[in-house]
J.: 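Below is the structure I would like to discuss, written out as structure tokens.
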Amino acid sequence: MFALDFFIRRIAQGLVLVVLVAMLIFTLLRVVPGDPVRMMLGPMVSASVAEQTAKDMGLRDPIPVQFGRYAAQILTGDFGSSFVRSAQGGSTGGSRGGSTFDAANRASVLGLITTSLPYSLLLAGLAFVFALVSALPIGIAAGLRSGRWPDRLALHVASVLVSLPNVWLSLVLIFLVSAKAGWLPAIGYQGPSYAILPAIVLAIELAPTLIRSISVSVSGSLIEPYVSQGEIRGLSRGRMIVAHVLRNSSIPVLNVLGIQAIGVLLGGLFVVEYVFNYPGVGLLMINAVFQRDFPVIQAIAILACATLVMVNILVDFAAMAIDRRLQY
């Protein structure tokens, strides 16, 4: 009953947030300068043809009317069709003109996302594994020896890593590891090995936050009264750390993973995938922004927001399962 009430309440709150984000993105895309019809028909199309095409597609209707129509489509599972991508995979924009533009031959947005999503999931999964493998031992060692050299070393490592711009780091790794040494492929995707270099860049972006969160959480748990009480009762320090300190320290780390790390990962995916020409959702989003492909931008933004909401709900539920004293 507790779990049911928790999920109903949090999902209702999350739906409100997703709807507000969807309204904001939808409105901003239509008030910023630029006309997506010109991207679809090309710069040489006449003003009358461009205007008629925009009216036929509903782009000249009031924004609330457009959003209501779009929301009704989403409720049926239809995120619309791309403005510039054809169902065959090519571009329908640029120089086709009004007489050859086929609005019915546009690619499904949901199809484009589902095609790109597995690549992004592979990249994100590798990045999380690399970040945790590097951050856990450093953060735990720093927390167990707060104020000593492991703590100072962890602080310096985190400071260096957080100061590395992901674009610069991507270019350096491409040049040194791929172009010069030839150890790993870098551009495009022809197999899982192509995900390793971009995953390393994302892991370096994630690791500093995890290192500091783990070290602070572990050091804070060590000064709690239950640690000294357990040692007085005969529990060894090692058992106290493994069975109690690390367990209680996991709650702040879970919150960081849910609130900060996922957000950093989603933002980093867009930049890193573009630099490495990696065919994931991030590259799809960047190309959609350049091409003013409204349906693709809207769908990715809504799904990214929904992902953040669901991850935060699951993280909060996991934290409450670990410590029932917590209330969300």
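Scope of the values below: all heavy atoms of this structure, side chains included, with no hydrogens, waters or symmetry mates. Position 1 is the first residue of the sequence, and the numbers go up from there.
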J.: Rounded at 0.5 Å granularity, tell me how far CD1 in Ile286 sits from CG in Asn277.
T.: 12.0 Å
J.: Dump the intermediate steps for side-chain contact (heavy atoms from CB on, under 4.5 Å) on Leu202 and Glu205, then the final yes or no.
T.: CA-CA 5 Å; Leu202 288 175; Glu205 192 173 1; 4.1 Å; yes
J.: Would you kindly confirm whether Val216 and Leu155 end up in one hydrophobic cluster when ILVMFWY residues are joined by side chain heavy atoms under 4.5 Å apart?
T.: no
J.: Tell me the closest heavy-atom pair linking Ser120 and Val281, and the distance in Å.
T.: OG-N, 2.7 Å
J.: Are Ile313 and Leu17 co-members of a hydrophobic cluster defined by side-chain heavy atoms under 4.5 Å apart?
T.: yes
J.: Given Val275 and Asn166, is the side-chain contact (heavy atoms from CB on, under 4.5 Å) satisfied, shown in steps?
T.: CA-CA 9 Å; Val275 173; Asn166 52 13; over 6 Å; no
J.: Does any non-hydrogen side-chain atom of Phe79 lie less than 4.5 Å from one of Ile113?
T.: no
J.: Between CG of Leu184 and CG of Leu197, what distance do you get to the nearest 0.5 Å?
T.: 5.0 Å
J.: Under 30°, 30 to 60°, or over 60°: which ring-plane class applies to Phe83 and Phe294, parallel, tilted or perpendicular?
T.: tilted
J.: Tell me, yes or no, whether the heavy-atom count around Tyr274 atom OH, taken from other residues, nucleotides or ligands under 6.0 Å, exceeds 12.
T.: no
J.: Would you name the heavy atoms of Leu110 and Gly77 that are closest together and state the gap between them?
T.: CD2-O, 3.8 Å
J.: Just checking Phe130: does its CZ atom have more than 12 heavy atoms from other residues, nucleotides or ligands closer to it than 6.0 angstrom?
T.: yes
J.: Can you name the nearest heavy-atom pair linking Ala186 to Ile174, along with the distance?
T.: CB-CG1, 3.9 Å
J.: Closest heavy-atom contact between Pro208 and Val162?
T.: CG-N, 3.6 Å
J.: Measure the spacing between CG of Asp293 and CD of Gln298 and express it to the nearest 0.5 Å.
T.: 9.0 Å
J.: Checking Ser215 side chain against Arg212 main chain: does a donor-acceptor pair fall under 3.5 Å?
T.: yes
J.: Hey, can you tell me if Tyr194 and Tyr189 have their rings parallel, tilted or perpendicular (30° and 60° cut-offs)?
T.: tilted
J.: Honestly curious: do Val309 and Leu15 fall in one hydrophobic cluster under the side-chain, below-4.5 Å linking rule?
T.: yes
J.: What is the distance from atom CG of Asn312 to atom CZ of Arg10, rounded to the nearest 0.5 Å?
T.: 7.0 Å
J.: Is Leu112 reachable from Phe290 through a run of hydrophobic residues whose side-chain heavy atoms are each under 4.5 Å from the next?
T.: yes
J.: Heavy-atom distance under 4.5 Å between the side chains of Tyr70 and Ile302, does that happen here?
T.: yes
J.: Please lay out, stage by stage, how Lys180 and Phe175 fare under the test side-chain contact (heavy atoms from CB on, under 4.5 Å).
T.: CA-CA 6 Å; Lys180 284 292 186 180; Phe175 178 73; 3.3 Å; yes
J.: Answer yes if Val109 and Leu117 sit in the same cluster of Ile, Leu, Val, Met, Phe, Trp and Tyr residues linked by side chain heavy atoms under 4.5 Å apart, and no otherwise.
T.: yes
J.: Between Trp183 and Ile196, is there a side-chain heavy-atom distance shorter than 4.5 Å?
T.: no
J.: Check step by step if side-chain contact (heavy atoms from CB on, under 4.5 Å) holds for Tyr119 and Leu283.
T.: CA-CA 11 Å; Tyr119 299 104; Leu283 181 61; over 6 Å; no
J.: Within the distance-only criterion (no hydrogens, no angle test), does the side chain of Arg30 pair as donor or acceptor with the backbone N or O of Phe26 below 3.5 angstrom?
T.: yes
J.: For Ser170 and Val272, work out which heavy atoms get closest and say how close.
T.: OG-CG2, 4.4 Å
J.: To the closest 0.5 Å, what do you measure between CG (Asn287) and CE (Met285)?
T.: 11.5 Å
J.: Please find the pair of heavy atoms, one from Leu206 and one from Ala127, that lie closest to each other, and give the distance.
T.: CD1-O, 4.4 Å
J.: Within a 6.0 Å radius of atom CZ on Arg69, are there more than 12 heavy atoms belonging to other residues, nucleotides or ligands?
T.: yes
J.: When rounded to the nearest 0.5 angstrom, what is the spacing between CG in Leu161 and CG in Leu169?
T.: 9.0 Å
J.: State whether the side chain of Ser134 and the backbone N or O of Ala131 hold a donor-acceptor pair below 3.5 Å, judged by distance alone.
T.: yes
